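Written out below as structure tokens is the structure these notes cover.
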Number of protein chains: 2
Amino acid sequence: MPSRQVSMGDVARHVGLSRSTISFVINGRTDIRIAEETKRRVWEAVAELGYRPHAGARSLASNRTNLLGLVTDIASSPFGGGIITGAQRAAWERGQVLLIVSIDVDASADAAMLEMLLERRIEGLIYATAGHVAVSLPASAAEVPVVLVHCEDVDGRYPSIIPDEEHGGYTATRRLIDGGHRRIGLINLDAPIPAAGRRSGYERALREADIDIDPTLIVSGSADAGAGYELARQMFRHPDPPSALFCGTDRVAMGAFDAIREAGLRIPEDVAVVGYDDQEIVASYLRPALTTVALPFEEMGAAAVEALNGDIEAFKGSVVRGSLVERASA
Amino acid sequence: MPSRQVSMGDVARHVGLSRSTISFVINGRTDIRIAEETKRRVWEAVAELGYRPHAGARSLASNRTNLLGLVTDIASSPFGGGIITGAQRAAWERGQVLLIVSIDVDASADAAMLEMLLERRIEGLIYATAGHVAVSLPASAAEVPVVLVHCEDVDGRYPSIIPDEEHGGYTATRRLIDGGHRRIGLINLDAPIPAAGRRSGYERALREADIDIDPTLIVSGSADAGAGYELARQMFRHPDPPSALFCGTDRVAMGAFDAIREAGLRIPEDVAVVGYDDQEIVASYLRPALTTVALPFEEMGAAAVEALNGDIEAFKGSVVRGSLVERASA
DNA sequence: TTGTATGCGTTATCAG
DNA sequence: CTGATAACGCATACAA
């Protein structure tokens, strides 16, 4: 328990140099030439004394914190953690740190949290959600650069980084077509933001392969297993049932699996299935393991940090692509 | 874009008081009596000028940061996010903030991350893992109070906050006994830290109910669905098979479900099943939904913050209890 | 109850 | 290349 922390002055005294010199070498400033020997001595003293810069003092003097705020509900959600991972990696590479605040999906008590972030002098704010939703930020958010991830703000003030749903729909469908299928069912999501994009990707893939779009093969419902089960059951009562299924969610696929088995069909021999989300727990433990389109969480997190560090306006309406995770169901 | 941030001095000038007075009212100091009228005027000016304290300056002057470091792999894991939620809630209540650093389960490049946390002058460190494992921290961690959550350090230097596995095993088994079962199978985990505790809870519940412990009803394997399937299959080839199953993991239960169905048995009518972990996605989307023992993640996170704020030694070897989540499988 | 003076650890400016 | 010196915004001992 050292009685006092060791400061830059202590280091200076130890090596018999001025504080400025210490500061220069510690910050690795290239605009000022310093003798190698001097640097060596400084670093040596730093190690010997166990000196550690004081971030608070530094931010006071330099008026920079290298702090980015990340407020998100993904910690209280079973997936989407990739956003944190991706954002943090990108931030770290730039010498930046994330101050993460976890909120509830519903909570609006986040004004106080934001205030706290502002007191800490964050230099940018990332607001990320696990689900693709519309949000509304406290007014004070506007005091720093803001990017939204996986959500959109109600009055379109801030740029959003969202998954390329059209491309995802296309990728999934294309995989099925490449597997030789021509009757491909789509169990889409009811009306949330992404549903439309997913469907048009599906249709584009079909058109490209000269397959007629059969509206009776397209249904939609909620995102859970129950809906998947019901909708799939219904679909396999079709006089000319599909040989492949693109499900809007891994959970939907999970339900569909049950219905397909109940119909006495095997996966993927009789029916190939592709899911959406790559919710690891569901997708990889399903039997057979689910081939699915991964949401690009890490990429979105990283993109958010890049946006904050670059021309933020350039990211308006930008979209990032997920990739197909091949397992055994298609 | 204000050309300069407004400081305490600006507020003081605005109301015609000294900076100390402003400081006193802003920090709500009760050891110094200040006229209500004065306070009112100060807060008014604060609002009018949009003054916001500078956390860096404050930490420099007071030598306190109210920052807690949380380094964890749960963001890159599908569950355990409750630790963040719980820790943050507890911290927030004490006016503290979490600096969260997400690491990979394997990564050991965390020395640099820890160094960064120390530069930010964290006043305590929480190291939390998604899985119950043994870890080893960089030496510099010892410079601040440390608590481990859901893990233990190899040389037992720091206190750990871990789930009460014995109690969990007891709770699950007890639930089955209360449901009228007397032949209860246990599919335990192979040799990781928690397995032993779980089993002794199971045995205690049995003994309490005067049920003989049948070693042939106790098997163990890895934590995944594949193992659950195999082990359960095996168990139902027993001449006198169990009418209830306690699975060491929800994923194991997921596999067991398949085996039970294959054996032509119904859940829970013919076989009652209780899982462990309460991995929401698995447990709630299984059909029937899985009754399971929840790991007390939020409570552990909160306990960690409390430990850091109190007598940290008192938390050595302390254990926190999860609770049963009743669904439909038992 | 309020004001003054000082110091916290850094960075930045500017002169050598 | 190096060394004084002055901020940075706030808390606090001390004086009034």
Side-chain angles (χ1 to χ4, degrees), chain A residues 2-42 45-46 49-67 95 116 118-121 123, chain B residues 2-43 45-46 49-67 95 116 118-123:
Chain A
S3 59
R4 199 179 62 88
Q5 48 184 316
V6 8
S7 76
M8 220 164 83
D10 299 327
V11 178
R13 206 166 308 118
H14 193 80
V15 292
L17 291 174
S18 75
R19 292 192 326 233
S20 332
T21 307
I22 311 298
S23 176
F24 292 152
V25 1
I26 280 182
N27 294 338
R29 289 183 53 159
T30 51
D31 54 338
I32 289 168
R33 301 221 54 80
I34 297 201
E36 285 306 320
E37 169 61 10
T38 307
K39 289 185 189 168
R40 205 189 47 69
R41 279 171 53 215
V42 170
V46 164
L49 268 42
Y51 165 71
R52 185 153 30 223
H54 187 300
R58 187 177 283 194
S59 87
L60 184 55
S62 68
N63 201 26
R64 304 230 348 126
T65 58
N66 289 312
L67 258 190
M116 177 276 285
L118 260 12
E119 287 188 6
R120 303 266 172 191
R121 295 302 189 267
E123 302 180 332
Chain B
S3 59
R4 200 179 62 88
Q5 48 182 317
V6 8
S7 75
M8 221 163 86
D10 298 327
V11 179
R13 205 166 309 118
H14 192 79
V15 292
L17 292 173
S18 76
R19 296 193 326 237
S20 337
T21 308
I22 311 297
S23 176
F24 293 153
V25 1
I26 280 181
N27 294 338
R29 289 183 53 156
T30 52
D31 54 340
I32 288 168
R33 303 220 54 80
I34 298 201
E36 284 307 319
E37 168 62 9
T38 307
K39 289 185 188 168
R40 204 188 48 68
R41 280 170 52 214
V42 171
W43 284 119
V46 164
L49 266 42
Y51 165 72
R52 183 152 33 219
H54 186 298
R58 185 177 287 197
S59 85
L60 186 54
S62 68
N63 199 25
R64 301 223 0 119
T65 58
N66 289 313
L67 258 190
M116 176 277 286
L118 261 11
E119 286 188 7
R120 304 267 171 191
R121 296 303 189 267
I122 54 168
E123 301 180 333

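None of these values were measured; they are calculated from a predicted model. In what follows, chains carry the letters A, B, and so on, assigned in the order in which the sequence lines appear, proteins first and then strands, with residues in each chain numbered from 1.
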Could you check whether B:Ile32 gets within reach of a base, just the sugar-phosphate, or nothing at all, counting any heavy atom under 4.0 Å?
-> base

Answer yes or no: does a side-chain N or O of A:Thr21 lie under 4.0 Å from OP1 or OP2 of D:dG3?
-> yes

Quick note, A:Ile34 side chain, CB onward, closest among D:dT2, C:dT11, C:dG9 is D:dT2

Separation of D:dG9 P from A:Glu119 CD (nearest whole Å) | 15 Å

Length of the CG-C1' vector between B:Asp31 and C:dT2, whole Å = 14 Å

Distance, rounded to the nearest Å, where A:Ile22 contributes CD1 and C:dG9 contributes C1' | 13 Å

Please work out if B:Met8 contacts a base, only the sugar-phosphate, or nothing of the nucleic acid, heavy-atom cut-off 4.0 Å.
-> sugar-phosphate

In chain order, what residues pass the salt bridge (charged side-chain N to carboxylate O under 4.0 Å, His left out) check against A:Arg40, with sequence neighbours excluded?
-> A:Glu37, A:Glu44

Separation of D:dA11 P from B:Ile26 CD1 (nearest whole Å) | 8 Å

CZ of B:Arg64 versus P of D:dC10: gap in Å, rounded?
-> 18 Å

Hey, could you give me each pair passing salt bridge (charged side-chain N to carboxylate O under 4.0 Å, His left out) that has a residue in residues 50-59 of chain A? Not counting sequence neighbours.
-> A:Arg52-B:Glu115, A:Arg52-B:Glu143

Partners of B:Ile122 by side chain to side chain contact (heavy atoms under 4.5 Å, CB included), sequence neighbours excluded?
-> B:Leu67, B:Leu117, B:Leu118, B:Leu125, B:Val144

Interatomic distance where CG belongs to A:Asn63 and P belongs to C:dA12 [whole Å] | 10 Å

Rounded to whole angstroms, how far apart are CZ on B:Arg120 and C1' on C:dG9?
-> 15 Å

Atom-to-atom span, CZ of A:Arg121 to C1' of D:dC8 - whole angstrom = 11 Å

Mind checking what makes side chain to side chain donor-acceptor pair (under 3.5 Å) contact with A:Thr21, not counting sequence neighbours?
-> A:Ser18

Taken to the nearest 0.5 Å, the spacing of B:His14 NE2 from B:Ile22 CD1 works out to 10.5 Å

Show each protein N/O and nucleotides 12-15 of chain D N/O combination with a separation under 3.5 Å, one pair to a line.
{"residue": "D:dT12", "atom": "OP2", "partner": "B:Arg29", "partner atom": "NH1", "Å": "3.0"}

Non-neighbouring partners of B:Arg64 that pass side chain to side chain donor-acceptor pair (under 3.5 Å), sequence neighbours left out | B:Asn66, B:Glu123

With sequence neighbours left out, the residues meeting side chain to side chain donor-acceptor pair (under 3.5 Å) with B:Arg121 are A:Gln5

Members of residues 49-58 of chain B that approach DNA chain C, where some heavy atom sits under 4.0 Å away = none

Using the test side chain to side chain contact (heavy atoms under 4.5 Å, CB included), find all partners of A:Ala61 that sit at least two apart in sequence or belong to another chain.
-> none

Is B:Thr38 touching bases, backbone alone, or none of the nucleic acid, heavy atoms closer than 4.0 Å?
-> sugar-phosphate

Minimum-distance pair of heavy atoms, taken over all atoms of B:Ser59 and B:Thr65 | CB-CG2, 3.7 Å

